[in-house]
Amino acid sequence: MKFAITSKGDTKSNTLMHKMKTYLLDFDLIYDEEQPDIVISVGGDGTLLYAFHRYTGRLDKTAFVGVHTGHLGFYADWVPEEIEKLVIAIAKTPYQVIEYPLVEVIIRYQHGGRETRYLGLNESTVKAVDATLVMDVDIRGQHFERFRGDGLCVSTPSGSTAYNKALGGAILHPSIPAIQLAEMASINNKVFRTVGSPLVLPAHHTCTLKPVNKLDFQVAVDHITMLHKDVKSIQFRVADEKIRFARFRPFPFWKRVHDSFVAD
Ligand code: NAP
């Protein structure tokens, strides 16, 4: 089996990364950063986001596992004290694969029929470059509302505990193939009106944002923010691809939610 390890870059994570690499090589696993079967992320959820984006080209062939060197992670459940156990599990145990949905983002531009496509593990957000974001929101090809406000966030179920939660979105179990559209500070008064509640869309529905006046937007996909000019539309849906996690023991989602947000 071929493996790769990504580290958050701090001393603790780097030390663990080197230790795990040595142990796994001792078990005759092959270190291959280009075509790994398993990617071990050492750090936090942010580190796993980086690892995901590095290997989006081979999601069907790569499984991820997370070791956290900070507080409990949503994507990283192993603690540094357990790495010997994890290494033995990786080397000796046929692991279970758990798949989580992703969000597909397609940005189409005004000229030349050009488009770009991205996959997000947590969410994609759209904000104006300056002033208020004004966009028409279509759902399944039908006009739904004209949004005016700070921005819109389209999250995956596993990303629903991240930015989406801060926006008052619901927490969705990652076994539900859906995306959630949440508003960032919409303008609501006698003149302007939006639904005001987060919307959960099933896998066969698309949500498309269309510019009303300005054509330049800041679009973020997870931790990556890009400026897009001359935008014609931004379309979101549940991606055909999924992220695959290597599971060696149960990692119940609601326990993670409880331990992260409820327990002291
Ligand atoms: P960051 O600003 O350094 O960290 C964002 C925080 O979100 C970290 O504590 C991270 O955990 C946590 N996180 C990431 N994914 C999560 C998930 N699925 N569920 C619960 N918590 C999660 O940024 P970053 O590390 O580059 O991560 C980018 C993410 O930041 C974005 O995808 C977005 O979700 C989030 N974000 C949140 C807000 C907000 O809540 N207002 C605003 C902007 C961005 P770790 O410490 O374990 O890495």
Side-chain angles (χ1 to χ4, degrees), residues 5-14 16-17 39-56 64-80 82 98-105 118-128 133 149-186 198 200 217-227 236 238-239 242-245 247 251-263:
I5 310 183
T6 55
S7 161
K8 187 176 180 180
D10 60 299
T11 312
K12 188 175 180 184
S13 305
N14 283 346
L16 273 181
M17 174 177 75
V39 171
I40 304 156
S41 149
V42 184
D45 287 330
T47 320
L48 205 126
L49 290 178
Y50 281 88
F52 165 75
H53 283 274
R54 165 133 200 224
Y55 294 105
T56 42
F64 295 83
V65 61
V67 177
H68 66 87
T69 49
H71 49 83
L72 171 80
F74 271 86
Y75 297 119
D77 60 325
W78 292 84
V79 296
E82 295 177 312
I98 304 286
E99 296 185 328
Y100 280 4
L102 302 170
V103 59
E104 178 194 72
V105 185
Y118 303 95
L119 291 177
L121 174 56
N122 267 354
E123 78 286 291
S124 173
T125 58
V126 180
K127 295 177 186 171
L133 177 78
D150 282 2
L152 287 160
C153 172
V154 181
S155 62
T156 65
S158 61
S160 66
T161 49
Y163 205 158
N164 168 75
K165 186 174 182 299
L167 299 171
I171 297 179
L172 254 66
H173 193 276
S175 62
I176 303 169
I179 52 171
Q180 182 170 183
L181 176 69
E183 299 180 352
M184 295 176 198
S186 57
V200 177
F217 302 94
Q218 268 188 52
V219 182
V221 179
D222 298 330
H223 56 286
I224 305 160
T225 304
M226 293 152 290
L227 172 67
F236 304 95
V238 177
K242 291 182 171 215
I243 184 170
R244 300 160 71 243
F245 289 99
R247 281 277 186 279
F251 186 28
F253 180 72
W254 295 119
K255 179 166 166 40
R256 270 176 277 161
V257 173
H258 171 270
D259 292 352
S260 297
F261 298 118
V262 186

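Counting starts at 1 for both ligands and their atoms, in listed order. Residue indices begin at 1 and follow the sequence shown.
A donor-acceptor contact closer than 3.5 angstrom is absent between the side chains of D222 and Y118. Looking only at atom types and distance, the side chain of T47 has no donor-acceptor partner in the side chain of S41 under 3.5 Å away.
Side-chain rings of F74 and F261 approach one another, their centers coming within less than 6.0 Å.
Residues satisfying the side chain to side chain contact (heavy atoms under 4.5 Å, CB included) criterion with M184, sequence neighbours excluded, are T125, K127, D150, C153, Y163, L167. Residues satisfying the side chain to side chain contact (heavy atoms under 4.5 Å, CB included) criterion with R244, sequence neighbours excluded, are A63, V97, E99.
Within 4.0 Å of ligand 1, heavy atoms belong to protein residues G44, D45, G46, L49, H71, F74, Y75, N122, E123, S158, T161, A162, Y163, A166, D222, H223.
Screening residues 163-172 for salt bridge (Lys or Arg N to Asp or Glu O under 4.0 Å), with sequence neighbours left out, gives no hits.
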